[in-house]
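The structure appears right after this line, and notes come after that.
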Amino acid sequence: ETGVTQSPTHLIKTRGQQVTLRCSSQSGHNTVSWYQQALGQGPQFIFQYYREEENGRGNFPPRFSGLQFPNYSSELNVNALELDDSALYLCASSPGMSTTGELFFGEGSRLTVL
Amino acid sequence: GENVEQHPSTLSVQEGDSAVIKCTYSDSASNYFPWYKQELGKRPQLIIDIRSNVGEKKDQRIAVTLNKTAKHFSLHITETQPEDSAVYFCAASNANNNDMRFGAGTRLTVKP
């Protein structure tokens with residue numbers, strides 16, 4: 001069974017640029033959630049995708065957007081990058097809304113905005 | 001939305017002692033309360049969880065208690081070992097599990 005994989009693992013961008021982060025969910029999982037984890041903080045919920053539709057969203061501005069594909073992999077897009085967007089971005093998959101609730105996290109993509 | 005507060009932010013104990021981490025939540029609709037352990041540079045991993053129809057759950061050296069009336073839940077680790085050293089996060093979510101919110105984390109250090 002393949003776990004959650006994310007790419008890239010590290011990247012550096014400058015203010016104002018755009019970034020796309022990718023996530024492959026664990027086999028059999030149809031739900032993907034994205035979190036932002038600043039240094040020394042807990043993961044902050046960005047949004048969740050279930051069967052290709054956004055299924056919940058945290059307090060993040062519209063320049064944070066996402067997609068989920070038919071194979072349940074997902075992308076997180078951030079436009080007009082700001083310095084405060086520097087963080088570890090975690091993707092987590094789960095089997096579906098009606099099951100145990102456990103989130104299976106990837107290793108994350110560490111974004112640095114200069 | 002849900003707001004989860006976690007205390008303490010850091011905790012240092014001697015090997016063999018017990019450690020207790022406490023969390024409160026704000027949304028009475030929350031009914032699922034997991035605890036995640038994150039070692040340095042690693043992904044968060046679930047260590048134990050509890051649902052709102054249960055007051056306590058135990059798995060070997062770790063246990064979680066839930067007080068729905070007071071909206072707080074706690075993680076208890078007994079007979080701590082150096083490998084328990086990590087950051088621990090509590091979280092809460094609703095029945096749809098589409099909005100899991102995390103606490104700020106507790107850095108636990110177990111001194112040999």
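In what follows, chains carry the letters A, B, and so on, assigned in the order in which the sequence lines appear, proteins first and then strands, with residues in each chain numbered from 1. Being a predicted model, the structure only gives us computed values, none of them experimental.
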Evaluate salt bridge (charged side-chain N to carboxylate O under 4.0 Å, His left out) for A/D85 paired with A/K13, printing each intermediate quantity in order. CA-CA 10 Å; A/D85 296 334; A/K13 293 284 187 178; over 6 Å; no

For a quick test of reading the model, state the closest non-hydrogen atom pair linking B/W35 to B/S74 and the distance between them.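 That closest heavy-atom pairing would be CZ2-C, 3.7 Å.
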
Please list, in residue-number order, every residue in residues 15-23 of chain A that has a heavy atom less than 4.5 Å from any heavy atom of chain B; write 'none' if there are none.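 If one takes a 4.5 Å heavy-atom cut-off, no residue of residues 15-23 of chain A lies near chain B.
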
Determine which residues belonging to residues 106-113 of chain A lie within contact range of chain B, meaning some heavy atom pair is under 4.5 Å apart, and list them by number or answer 'none'.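 The residues closer than 4.5 Å to chain B, in numerical order, are A/G106, A/E107.
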
Take the angle between the ring planes of B/Y36 and B/F102 and call it parallel below 30°, perpendicular above 60°, tilted in between.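 Tilted: the ring planes of B/Y36 and B/F102 meet at 30° to 60°.
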
Within a strict 4.5 Å, meaning less than it, do heavy atoms of the [X] and [Y] side chains meet?
{"X": "B/V13", "Y": "B/L108", "value": "yes"}
{"X": "A/F64", "Y": "A/Y89", "value": "yes"}
{"X": "B/V4", "Y": "B/C90", "value": "yes"}

Ion pair present between B/R101 and B/D99, side-chain N to carboxylate O less than 4.0 angstrom?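 Looking at B/D99 together with B/R101, the answer is yes, because their closest N to O distance falls below 4.0 Å.
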
Within the side chain of [X], is there an N or O that forms a donor-acceptor pair under 3.5 Å with the backbone of [Y]?
{"X": "A/Q26", "Y": "A/G3", "result": "no"}
{"X": "B/K57", "Y": "B/D49", "result": "yes"}
{"X": "A/S25", "Y": "A/V32", "result": "no"}
{"X": "B/Y25", "Y": "B/S30", "result": "no"}

Check each atom of A/Y49 against the heavy atoms of chain B and say whether the ones under 4.5 Å are side chain, backbone, both or neither.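 Neither part.
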
Which region of B/E2, side chain (C-beta onward) or backbone (N, CA, C, O), has a non-hydrogen atom less than 4.5 Å from a non-hydrogen atom of chain A, or is it both or neither?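 When you check distances to chain A, no heavy atom of B/E2 falls under 4.5 Å.
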
So for B/P44, is it side chain, backbone, both, or neither that comes closer than 4.5 Å to the heavy atoms of chain A?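 For B/P44, heavy atoms of backbone and side chain both lie under 4.5 Å from chain A.
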
